[in-house]
Structure formats: structure tokens, C-alpha cells
Amino acid sequence: MIMLSAFPKKKELRIRQTILRGVYEDNLRIIGKGSAVLSNRPSFSLKKISLFISTVLLALLGYGNYSDLSLSPDKQIAPLSIAAQQLSPLPAETSVHPSEYAAFFGGQAHLKRVFGLAVKTIMIDPGHGGADSGTVGKLGTREKDITLDIAKRLKERLKKQGYSNVLLTREEDITLPLNKRVELANSGRADLFISIHLNYLPSKPINIIETYYFGPSSDAKTLKLAEQENAGSHYGLSDFKEIIEKIGETVKLQESRELAGSIQQHLFVNSLKQNGNVQDFGVKRAPFVVLLGVNVPAVLAEVSCLSNREEEVELNTESHRENIARYLEAGILHYLSKGEVRYEAKRLEEGR
Amino acid sequence: MKQKDSKREDNTVFVGIDLGTSRSSISASNNTREWIESYVGWPKDFIALQVVGKPVLFGAEALKNRLSLDLCRPLEHGVIKEGIERSEEAVKEIIKYLIELAKPEPDQKIHAVVGVPADTLKVNKLAIRKAVSEFVHSLMVVSEPFAVAYGMDLLNNSLVIDIGAGTTDFCIMHGTIPSEEDQKTILAAGDYIDEQLYSYLTERYPNAKFNKNMVRQFKEQHSFVREVPGEVRVEIPVDGKPVMHDITNEIRRACESILPAIVETTTEMIARFDPEFQVKIKNNIVLAGGGSLIKGIREYLQDALKEYGSCRVTCVEDPLFAGSNGALKLAEDMPAKYWETL
Ligand SMILES: Nc1ncnc2c1ncn2[C@@H]1O[C@H](COP(=O)(O)OP(=O)(O)OP(=O)(O)O)[C@@H](O)[C@H]1O
Ligand SMILES: [Mg+2]
Ligand SMILES: [Zn+2]
């Protein structure tokens with residue numbers, strides 16, 4: 001295949017030199033230099049690049065990657081005594097059983113302690129909005145309006161507690177895709193994410209409260225709910241199977257479970273005082289898109305039940321909505337203060 | 001003409017990269033040869049990131065996960081274009097990935113020659129340089145068919161026809177680096193064959209269920225022009241059941257559909273030179289690129305061009321790496337002093 005073999009070697013050499021010089025000069029012209037100049041580009045080793053990439057990766061994937069930190073025994077702190085037994089039995093199979101409360105109320109390392117960071121920004125996500133009304137009660141009450149109102153009240157309450165940086169994913173009645181909510185939480189550097197929703201149980205006239213964090217579920221009702229809340233996200237439940245396996249037991253999950261536990265407890269115990277018929281469906285895992293995408297502890301609370309007629313009437317009163325906001329606030333503060341206590345305890349221990 | 005000795009001692013790795021519309025490859029002086037399909041995909045959002053598990057995907061893997069990704073084929077239609085930043089970003093990712101595949105030692109300097117489709121080079125010289133320069137210490141960009149020609153020692157009196165996916169590139173060599181007039185690009189190439197074949201098959205078998213990807217595979221397995229090498233039958237589902245279909249004529253018609261344009265462009269380009277030189281070029285035509293694998297294409301073109309006097313057409317031996325091998329040869333032959341300023 002070498003067609004130039006007939007050429008005298010010298011001539012070929014000359015041609016080659018001409019061509020190589022041509023390539024060189026052509027490239028000089030591209031960078032706008034007719035004549036030779038010295039490159040001032042700093043040398044860039046591949047190592048640096050890959051270091052950069054892995055840093056970005058870590059940042060993108062979030063705290064989950066540090067899961068092993070939380071598991072080392074010397075970082076564990078004595079569990080706080082929590083009145084878990086106050087809580088009624090939890091019916092659904094995917095729910096966390098009372099005996100497990102202690103495990104996640106104590107034990108695990110807090111993000112704040114792991115990272116030495118304070119919770120600065122809290123993102124509240126009023127479910128649905130705009131074209132998406134969420135569920136609608138028999139009297140016409142729309143989930144999207146109630147969740148927005150409660151979210152605003154919660155924000156004000158938290159601000160009074162000194163959390164100056166409380167953000168809402170939406171301040172108005174606008175359509176906001178789930179992916180967008182996730183992006184807002186991540187770009188707003190939220191430290192906690194709380195999504196507020198209302199339940200709807202068409203076949204039962206009861207009023208329930210339940211709180212979710214991200215995880216697998218085999219319960220048909222829970223999966224149905226997840227499908228509803230995920231609508232419009234382009235993701236089907238099957239997409240999550242693999243992810244769930246990958247995520248495993250990360251700090252984010254542990255903290256989400258703890259936050260969910262605290263919110264559920266305060267919501268339910270206090271709601272029960274107002275309304276003896278409310279039922280505790282407990283803390284559950286479900287593959288909600290919003291909970292997965294957010295990099296920090298994230299929960300979704302179904303704070304009330306629009307299918308229950310009396311509850312729907314109540315939800316139309318300002319005082320009831322303010323109360324729900326108050327219970328949510330208590331749940332969040334309790335979660336945060338536990339982190340505080342453990343952090344302080346740890347610090348004192350280390351100070352010795 | 002080898003100055004390798006003086007260059008090798010300062011711990012440099014030379015790489016030749018062929019940045020193609022559909023496939024990109026790298027050949028390195030440490031003897032690695034790697035290729036990927038020129039697709040880059042970024043997760044559409046945070047959820048997609050969790051689904052695919054990495055911030056950027058390439059080639060076949062990117063295609064497989066395309067529902068979760070923003071896909072980019074950066075040199076489609078020859079130029080870095082559209083959301084220009086996106087394409088530039090995609091080129092960067094491809095280069096970075098290819099260089100990683102070549103596994104240079106961490107402390108090694110990388111001197112790269114990158115071959116890009118001739119049209120891309122005309123329009124986006126600087127953009128290409130910018131996209132690549134971040135990952136190498138020194139860099140030269142050249143046109144793809146030129147790199148092929150250099151690698152095959154076709155420095156003088158020759159014509160390279162690179163039949164790729166998006167474009168067929170022509171490059172006449174006459175002892176110097178080819179100018180813009182020495183190069184021409186037409187759209188009669190692999191993707192065009194795919195489109196033709198797809199429409200012929202849809203017409204003949206309206207009930208058969210197939211997609212563009214399957215059609216490309218049929219082509220790559222059975223492509224031919226001129227004489228029928230035997231009946232071509234493939235399995236295509238009809239109503240969910242696999243059924244054998246005869247596609248012999250469709251394959252031939254589709255593959256032959258690019259030939260008139262190639263013949264015409266070849267004669268046009270050669271005609272610009274004086275008769276003596278014309279004869280030399282016509283006896284030194286080389287086919288490269290994936291399209292050169294079509295059975296009978298060499299004979300077809302040789303016969304078609306014989307109408308105007310004697311003619312000899314050959315095919316490169318390794319179309320997948322002919323471009324990157326040529327670029328590597330350029331890199332290794334390049335005098336050390338030239339690298340210093342680029
Ligand atoms: N055996 C084959 N028969 C026919 N066509 C083939 C065969 N193998 C590969 N191809 C086609 O060759 C094309 C890819 O060739 P190549 O890798 O040279 O393209 P590229 O360099 O990426 O594209 P371009 O040169 O346009 O930038 C595709 O269209 C592919 O389907
Ligand atoms: Mg090519
Ligand atoms: Zn809802």
C-alpha cells in the first residue's frame with residue numbers, strides 16, 4: 001500500500017518536512033500568530049482534572065457518599081430517651097414499627113456533627129400548584145391552596161425562631177414540576193427539605209397523618225400514592241429500583257428518617273388533642289421523586305386528609321392551618337435541637 | 001525522519017485523535033488504540049443523575065440511557081454548532097475521555113494531533129483548539145482525510161475519499177498541506193444510506209417493525225453494491241413475531257445511492273489539475289472511513305472512473321483507526337521545536 005516507494009527517498013523527506021511545517025504554520029494561524037510565540041498555558045496534568053471531576057461528583061451526589069462516616073462506632077452518641085411508646089401501632093406493612101423509633105431517634109450521627117455545619121437554610125415545598133390542584137375535597141377545597149397556606153405560616157414561624165433563611169419552592173399558585181423543586185432545593189443550598197401534602201382516601205372516611213422519606217416500598221397503597229405525587233416527573237417507579245439499591249443506608253436517609261419521625265410524632269400527638277379521630281399511619285418509605293433528588297435530609301408529610309368531610313371543613317379555618325404549621329414547626333425544631341444537644345454533648349466530651 | 005529519540009527522553013506521550021461525527025478514536029505512542037461512538041450525554045436533572053449514576057456518559061452507554069440524558073453528537077453536520085457551548089463541552093468530554101482511555105502516565109506530557117472533518121475545520125478551527133487544549137500540553141488540529149493520507153504515506157499525487165457517517169470528505173494531496181480547494185465535503189455518506197434503506201424497507205414491508213438503529217445494523221452486516229453476493233435475508237418482527245424478509249435489492253439500492261455524487265465530486269476535483277497530474281491522482285485513489293467497507297464499492301468506483309482513462313482505487317486496511325493512526329504518525333514525526341509554541 002505504500003505508493004511512494006518509487007520516489008527517491010530524499011524527495012519524500014523534503015515533502016514530508018514541507019507538510020509538517022505546513023501543519024505547524026496552519027495551527028499558528030489558527031491561534032492568531034503568524035510567527036512563533038511561546039505558550040503561556042499552564043501545564044495541566046490529568047491528575048488535576050480527575051481530582052476536579054471527583055470533587056464535583058461528590059458535590060453532586062451529596063452527602064450520601066459519606067455514609068460510612070456515620071457508621072464508625074466512636075462517633076455514636078448515647079440515644080436520647082424519646083417517648084416512643086406514646087405512639088400507637090402503625091398499620092401499614094412498610095411503616096416503621098415503634099420499636100424502631102428508638103433506633104433512629106438516637107444512635108446515628110447527625111449531619112451537622114459529621115460536617116460541623118449548622119442548619120442554615122430550610123426549604124419548604126408546598127405540594128402541587130398551578131395547573132396541578134393535587135387532590136380536591138368534596139366541598140371543593142384544593143390541596144394546592146392548603147399546602148401553600150400552611151407552608152407560608154410555617155415559614156413565618158421558623159423565622160421567628162431565628163431561622164432567617166427559610167425558602168419556599170413556590171410562593172404563589174404556579175405550576176412547578178417536581179424536577180424544578182429538586183433543583184431549587186439543591187441550588188438554594190437547602191440543609192433540610194420538607195414537602196407538604198394532603199392525603200385522600202376515597203374508600204375510607206377516616207382522617208390520617210403520615211410522613212415519608214425516600215426508600216423502597218412494597219405496599220400497594222403507598223406505591224399508588226407515590227405514583228400520584230410523582231406525576232409529571234417522567235419517571236416511573238421501575239426507574240427507582242436500581243437507585244434504591246445503590247443508595248443504601250446513607251446519612252441522608254438516616255437523617256431523613258429521623259426528621260420524618262420527629263415531624264410525624266409532633267403532628268400526630270398534637271392533632272390528636274384537637275381531634276380524637278385522627279389516626280397515626282406513622283413514618284413510611286416511598287419512592288417520591290422530590291425526596292430522592294434533594295441532597296439533604298428530605299421528608300414528605302401528608303399532614304391531613306381531604307377526603308374526610310369534617311377535616312375538610314376544619315382545613316378551611318385559619319386556626320387549623322396555623323395549628324398544623326405549629327406542629328410541623330415543633331417537629332422540625334425538635335429534630336434540630338436533638339442535633340444540637342448531641343453536638344454539644346460531643347463537643348463537651350471532646351473538650352475534656 | 002524519526003526524531004523520536006530526542007523527544008521520548010523528556011517523557012512525552014504522543015496521541016493521534018480522530019474526532020468523527022459518529023465514531024472517534026485515539027491511537028497513542030504507548031500502543032493503545034481505543035474508540036467510542038461520538039455521543040455525549042449529561043443527566044437531564046438531579047434524578048437522572050441518580051438513575052445513571054455518573055455526570056457524563058459516552059457512546060453506546062449514552063445511547064442506552066438516552067431517555068435520562070441530554071444527548072449531544074457534537075460534530076453532527078460537520079460543525080460545532082447550536083447551543084455552541086454544549087457542543088464545545090461535548091467535544092471536551094470526548095477528548096478528555098479518549099485521553100483517559102489512552103492511559104498516559106500522570107507526569108507525562110501529552111502532544112496531540114487531532115483530525116476533524118474537513119468542514120468542521122474550515123469553520124471552527126479555534127473552537128476545536130479551545131475545546132481540546134485544556135487536556136493536552138501541546139496540540140495541532142488537521143483535517144481528517146489529510147491525517148489519513150499522511151498516515152498512508154500518500155503525500156503526493158493522491159486522492160483520499162473518506163466515507164464517514166455524516167459526510168464523505170475528499171482530499172487531494174500534492175506534496176504540501178492541502179488548501180481549502182484541495183478538500184471537499186458532501187453529505188452522501190453512511191447516514192444518508194441509512195435513511196434511504198429505511199424508506200425503501202418501509203415502502204416494501206409496511207407491516208414490519210424496525211427502527212433506524214436496526215436498519216443501520218442490516219446495512220453494516222450486508223452492505224454491497226454491484227453484483228448480488230447472494231440473497232440477503234434478515235429477521236424483522238411483524239405483529240410481534242420474527243419473520244424473515246428479503247432485503248437484497250433494498251440494500252443494494254441504498255448503498256449505491258451515494259455513488260453518483262462521489263463519482264461526480266471526484267471527477268470535478270481532479271479536473272482542476274493539469275492532465276499529467278490528473279493521471280497520477282487517478283491511479284492513486286484511496287477509500288477510507290466506514291463506508292469503504294461496503295462490498296464492491298472499490299470496484300464500482302474504479303469502473304465508473306475508468307470512463308475517463310486508467311484508474312486505480314484501493315481501500316485502507318483499518319478504516320476504524322486509519323485517521324487516528326495517521327494523526328499519531330504526524331505527531332511522532334513533528335519536530336520537537338514545533339510543539340513548543342502550540
Ligand atoms: N460494513 C459496513 N458497511 C457499510 N457501512 C458501514 C460498515 N461499517 C460501518 N459503516 C458505516 O460507516 C459510518 C461510520 O464511519 P466512520 O467511523 O468513518 O464515520 P465518522 O468518521 O464518525 O464520520 P465522519 O467522517 O462523517 O465524521 C457509519 O455510517 C456506519 O454505519
Ligand atoms: Mg471520519
Ligand atoms: Zn399531594
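Every chain is numbered from 1 and lettered A, B, ... according to where its sequence line falls, protein lines coming before strand lines.
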Inset, instruction - Sort out for me which residue in B:D333, B:L155, B:N156 forms a side chain to side chain contact (heavy atoms under 4.5 Å, CB included) with A:I19. - result: B:L155
Inset, instruction - Mind listing the closest non-hydrogen atom pair of B:Y338 and A:Y24 along with its distance? - result: O-CE1, 3.3 Å
Inset, instruction - Kindly give the heavy-atom pair with the smallest separation between A:V23 and B:L330, and that separation in Å. - result: CG2-CD2, 4.3 Å
Legend entry - Min side-chain heavy-atom separation B:Y150-A:L20 under 4.5 Å: yes
Inset, instruction - Evaluate whether atom CZ of B:F58 has more than 12 neighbouring non-hydrogen atoms of other residues, nucleotides or ligands under 6.0 angstrom away. - result: yes
Inset, instruction - Supply the atom-to-atom distance A:I30 CD1 to B:M140 CE, rounded to the nearest 0.5 angstrom. - result: 10.5 Å
Legend entry - Toward chain B, the part of A:R21 with a non-hydrogen atom under 4.5 Å: both
Legend entry - Pairwise distance NE2(B:H174) to CD1(A:I15) - rounded to 0.5 angstrom: 11.5 Å
